[in-house]
Amino acid sequence: MAEKVYIGDIADHAGKEVAVTGWLYNKRSSGKLWFLQVRDGTGLIQAVVFKGSVSEVLFQRCEEITQESSITVVGTVAEDKRSAGGFELQVTDLQVDQVAQDYPITPKEHGTTFLMDHRHLWLRSSRQHAILRIRHEIVGACRDFFDGRGFTLVDAPVFTPNACEGTSTLFETEYFGSKAYLTQSGQLYMEAGAMAFGKAYCFGPTFRAEKSKTRRHLTEFWMIEPEVAYMDLNGDMELAEDFISYIVKRVLDNRRPELEKLERNTEALAKVVKPFPRLSYDDAAAILKEKEVEFEYGSDFGGADETVISEAFDKPVMVHRYPAAIKAFYMKNDPDDPSKALCVDVLAPEGYGEIIGGGQREDDLSVLEAKIKEHELPAEAFEWYLDLRRYGTVPHAGFGMGIERAVSWICGLSHVRETIPFPRLMHRLTP
RNA sequence: UCCUCGGUAGCUCAAUCGGCAGAGCGGGUGGCUGUUAACCACUAGGUUGUAGGUUCGAGUCCUACCCGAGGAGCCA
């Protein structure tokens, strides 16, 4: 009985007879020969069937198997330059586990809508493998980074009773006779985590009911949110640049083949090392003025503005101290200029835009109470949050990074929809 | 919600001035002993998004609607 092996480990079995279980990716024939491309999730290998060296029945079987049929192939592992990957399987036996019927995704081109309708099958193709393996690497790197720095994972709830930053973008749901909302940020809960553990982070899905139809938006996306007690805005920016440098390096170190598959320019990624340029909002506005971009001082930067700012550098750019008026109620105002907030956005290079938003939080009880009133938020909903200022308040800061935007940038994709296994978009809830 | 573009075979697309709806892939049949999205020959496959209108004649022009994509606003 031949040993069952994974294609990813095939090089360790050269010269031996092994069994590979998987699916037929593609096949070609040449009269007395069949070339079967077999995939098993760990890789792709060409299995060669010579008419002369197998039974008539077995050779006939090759004729019958269709794309994505499940098969078990037994054969000898042989090094061969003519085969992509350097190795091929010289088949001695072939078992058909199921003949797949009319697989919809053919080796030729398809449109995005069609592929998204078949997302559950699209995941089988090599490009999607590369993207999702890089996502996997990034998620692992995020966890390792914070775990390695003594952070405690404190997961935030998905059901929340109140809005974090207003109610317009929340998904509402019925909750035993009252209303609940799907979380749009774990931040307020992470502030509780930071007051309990000093350094805390959460990582989970968040939901935004924004009617945004762009290459940067999902209605459900994953966010990692660290929060640190006794840390100010400068510390926050240092943490952000260390963090991004780390995850980019991890992908460069461990996922070269996947980046190559995606034809990603790795030289651009190799430049992502700290320190990152730091610009105040005023500095950034000055760049826009210099480049003669139409921009109203005091308002937020649009996507096109962010691209102009980030194109001036070849690393992620940290833009800090936005006007307080356009930022959330929990942001602390700059003591040196109270019209500005102690916040930071990290803009990814190459036009990918904002991947991180964060800042130092307001730690003074009375100021925070005044801000809640100013923003016309329901005070009673924030009573627990105000407790964090009543019982041992300290300066603290944190940020949130959208995983899909980071993956999209690092992979060099044109749309975030391929960075998550089953994307949820304004016009897509299936599969 | 607004702006722009699109909807033709299972899939990706073509169809000139309004004049016979076509190709590649996939399916089927046959061929080929080293293919790399193999190739060659043959073959089946259509209510041109929906409903109206103009016209001798509409995939093509007009009106309304439906669906989708990109972008704006908003955001990670």
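All values below come from the heavy atoms of this structure, side chains included, with hydrogens, waters and symmetry mates left out. Each chain gets a letter, A, B and so on, in the order its sequence line appears, and its residues count up from 1.
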Going by centres under 5.5 angstrom and planes under 30 degrees, do the aromatic ring of A:F221 and the base ring of B:A76 stack? yes
For RNA chain B, the dot-bracket pattern of Watson-Crick and G-U pairs whose distances stay under 3.5 Å, | for other-strand partners: (((((((..((((.....[..)))).(((((.......))))).....(((((..]....))))))))))))....
Which part of the nucleic acid, if any, lies within reach of A:D80 when heavy atoms closer than 4.0 Å are counted: base, sugar-phosphate only, or nothing? base
NA contact type, A:K211, heavy-atom cut-off 4.0 Å: base, sugar-phosphate, or nothing? base
Under the ring pair (Phe, Tyr, Trp, His ring centres under 6.0 Å) rule, what pairs show up with a residue in residues 299-323 of chain A, not counting sequence neighbours? A:Y281-A:F301, A:Y281-A:Y322, A:F295-A:F301, A:F301-A:Y322
Any idea if B:C66 is syn or anti, going by the 90°-from-0 cut? anti
Counting any heavy atom closer than 4.0 Å, what does A:M223 reach on the DNA or RNA strands: base, sugar-phosphate only, or nothing? sugar-phosphate
Mind calculating the distance between NE2 (A:H217) and P (B:G70) to the nearest angstrom? 13 Å
What is the nucleic acid contact for A:E88, judged by heavy atoms within less than 4.0 Å: base, sugar-phosphate only, or nothing? base
Ignoring hydrogens and angles, answer whether the base of B:C32 and the side-chain atoms of A:S29 contain a donor-acceptor pair closer than 3.5 Å. yes
Mind calculating the distance between CG (A:L170) and P (B:C75) to the nearest angstrom? 13 Å
Indicate, with yes or no, if the rings of A:F243 and A:F146 have centres closer together than 6.0 Å. yes
On the nucleotide B:G70, are OP1 or OP2 found under 4.0 Å from the side-chain N or O atoms that A:H415 carries? yes
Just to be sure I understand the rule, does A:I105 reach a base, reach only the sugar-phosphate, or reach nothing, if contact means heavy atoms closer than 4.0 Å? nothing
A:R82 side-chain N/O to B:U33 phosphate OP1/OP2 under 4.0 Å: no
So A:Y103, base contact, sugar-phosphate only, or nothing? Heavy-atom distance under 4.0 Å. nothing
Could you check whether A:R417 gets within reach of a base, just the sugar-phosphate, or nothing at all, counting any heavy atom under 4.0 Å? sugar-phosphate
Might you list the N or O atoms of the protein lying below 3.5 Å from N or O atoms in nucleotides 3-13 of chain B, with each pair's distance?
| residue | atom | partner | partner atom | Å |
| --- | --- | --- | --- | --- |
| B:C11 | O2' | A:E109 | O | 3.3 |
| B:C11 | O2' | A:H110 | ND1 | 2.4 |
| B:U12 | OP1 | A:G111 | N | 3.1 |
| B:U12 | O4' | A:E109 | O | 3.3 |

With a 6.0 Å cut-off on ring centres, are A:F329 and A:F382 close enough? yes
Using only heavy-atom distances, decide whether a donor-acceptor pair under 3.5 angstrom links the side-chain of A:S212 to the base of B:G73. yes
Taking the ring of A:Y189 and the ring of A:W384, is the distance between their centroids below 6.0 Å? yes
Nucleotide nearest A:S30 when distance is taken to its side chain, options B:A37, B:U33, B:A72: B:U33
